[in-house]
Amino acid sequence: MRRHLAAAATATAASLTLLLAPGVRAADASAANPYERGPAPTQASVEALRGPYAVSQTTVSSLAATGFGGGTIYYPTSTADGTFGAVVISPGFTAYESSIAWLGPRLASQGFVVFTIDTLTTLDQPDSRGRQLLAALDHLTQRSAVRGRVDASRLGVMGHSMGGGGSLEAAKSRPSLKAAVPLTGWNTDKTWPEITTPTLVVGADGDTVAPVATHSEPFYESLPGSLDKAYLELNGATHFTPNTSNTTIAKYSVAWLKRFVDDDTRYEQFLCPLPRPDLTIEEYRGSCPLGS
């Protein structure tokens, strides 16, 4: 009897050891959230110029595009992890896709399909850019060469300047979107109480084109209080800071998209507790805890 009890105790201890092993915890977490992509993040990984995924790209001609001006799709090369969430990014007034192209490979290497687009004309206003973001999402998920790599239920939008205003318009029009990230956004509409999409508003302290006092701040403050939302004001930045590679923009965009497009709570550590002001952050406001 003692031998049987000892054997049972040993088996129980072994089971507990297995359950508490880090690898098993990671596997359990992955099983609990099938949308997690890539290894557990670190400060270095979210700030890196490239994430863990090799990236390929394909061009969409304006002749093949309906409702927007064509663009470039960046996507993880490997299909081993299944499908990925996706984000479409619009440039600003008078600008072309090239002005926001740096975000394509940077975000895609973290485990997203990213579509940087041209608009129908460089003079399109935010409401038009919002419609074009949605048209590009539809192209990406329904007609593009990489549609089989995209999870059409996990989509987000980003944009710079009038493209940022367009991302708010898109989120208002399509509540099923999982995330919106307007970058130094511009829009004549200052209030967005209708939006139910988790939104990260990025402004710049030195913006004289879309000053934060009349654009990014009222955008953020008008979002519903119950919404997962954040306001990141860049320090020592201008309206055009999002047009060149920027670690702070990339870090918080990656964390926001991972948290809400992929529902990956491993990235919440970079958003809550709220980041404190530093050399690159003038101010950060937000709702913590997220997803509550």
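Any value given below was found using the heavy atoms of this structure, including those in side chains, with hydrogens, waters and symmetry copies removed. On a predicted model such as this, the values are computed, not experimentally measured, just so you know.
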Verify side-chain hydrogen bond (donor to acceptor under 3.5 Å, both in side chains) between Y53 and D81, making sure each step is shown before the conclusion. CA-CA 10 Å; Y53 290 93; D81 287 346; 2.5 Å; yes
Determine yes or no for a side-chain-to-main-chain donor-acceptor pair under 3.5 angstrom, with [X] supplying the side chain and [Y] the backbone.
| X | Y | answer |
| --- | --- | --- |
| S253 | I249 | yes |
| D118 | G70 | no |
| T199 | T197 | yes |
| R285 | K229 | no |

Electrostatic pair D151-R37, nearest N-O below 4.0 angstrom: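 R37 and D151: not salt-bridged.
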Check whether V113 and Y35 end up in the same hydrophobic cluster, where Ile, Leu, Val, Met, Phe, Trp and Tyr are linked by side-chain heavy atoms less than 4.5 Å apart.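 Cluster IDs for V113 and Y35 differ.
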Co-membership, hydrophobic cluster, residues L271 and M158, 4.5 Å side-chain: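 Result: yes, single cluster for both.
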Might you confirm whether atom CG of L279 has over 12 heavy atoms from other residues, nucleotides or ligands at distances under 6.0 Å?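 Incorrect, the count does not exceed 12.
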K251, NZ atom: more than 12 neighbouring heavy atoms under 6.0 Å: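 Yes, enclosed.
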Just checking, any donor-acceptor pair under 3.5 angstrom between side chains of [X] and [Y]?
| X | Y | result |
| --- | --- | --- |
| E97 | T116 | yes |
| E169 | S173 | no |
| Q132 | S90 | no |
| T77 | S56 | yes |
| T208 | H239 | no |
| N246 | T244 | no |

Please name the residue in the list Y231, Y252, Y220 that meets the ring-ring contact (aromatic ring centres under 6.0 Å, His included) test with Y284.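 Passing option: Y252.
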Fit a plane to each ring of W192 and F219, take the angle between them on a 0 to 90° scale, and name the class: parallel (under 30°), tilted (30 to 60°) or perpendicular (over 60°).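 If you compare the ring of W192 with that of F219, the planes turn out perpendicular.
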ring-ring contact (aromatic ring centres under 6.0 Å, His included) partners for Y96, two or more places apart: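 Y96 satisfies ring-ring contact (aromatic ring centres under 6.0 Å, His included) with no residue once adjacent residues are dropped.
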For F115, which residues count as a ring-ring contact (aromatic ring centres under 6.0 Å, His included) partner, sequence neighbours excluded?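 F68.
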Quickly, which of R259, K258, E36 forms a side-chain contact (heavy atoms from CB on, under 4.5 Å) with R266? Name it, please.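 Testing R266 for a side-chain contact (heavy atoms from CB on, under 4.5 Å) against R259, K258, E36 leaves exactly one candidate, E36.
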Quick check: closest heavy atoms across G104 and Y74, and the distance to 0.1 Å?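 So the minimum-distance heavy-atom pair works out to CA-CD1, 3.5 Å.
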Qualifying residue for side chain to side chain donor-acceptor pair (under 3.5 Å) with T248, from T280, D278, N235, T241: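 So, applying the side chain to side chain donor-acceptor pair (under 3.5 Å) to T248 and each of T280, D278, N235, T241, only T280 qualifies.
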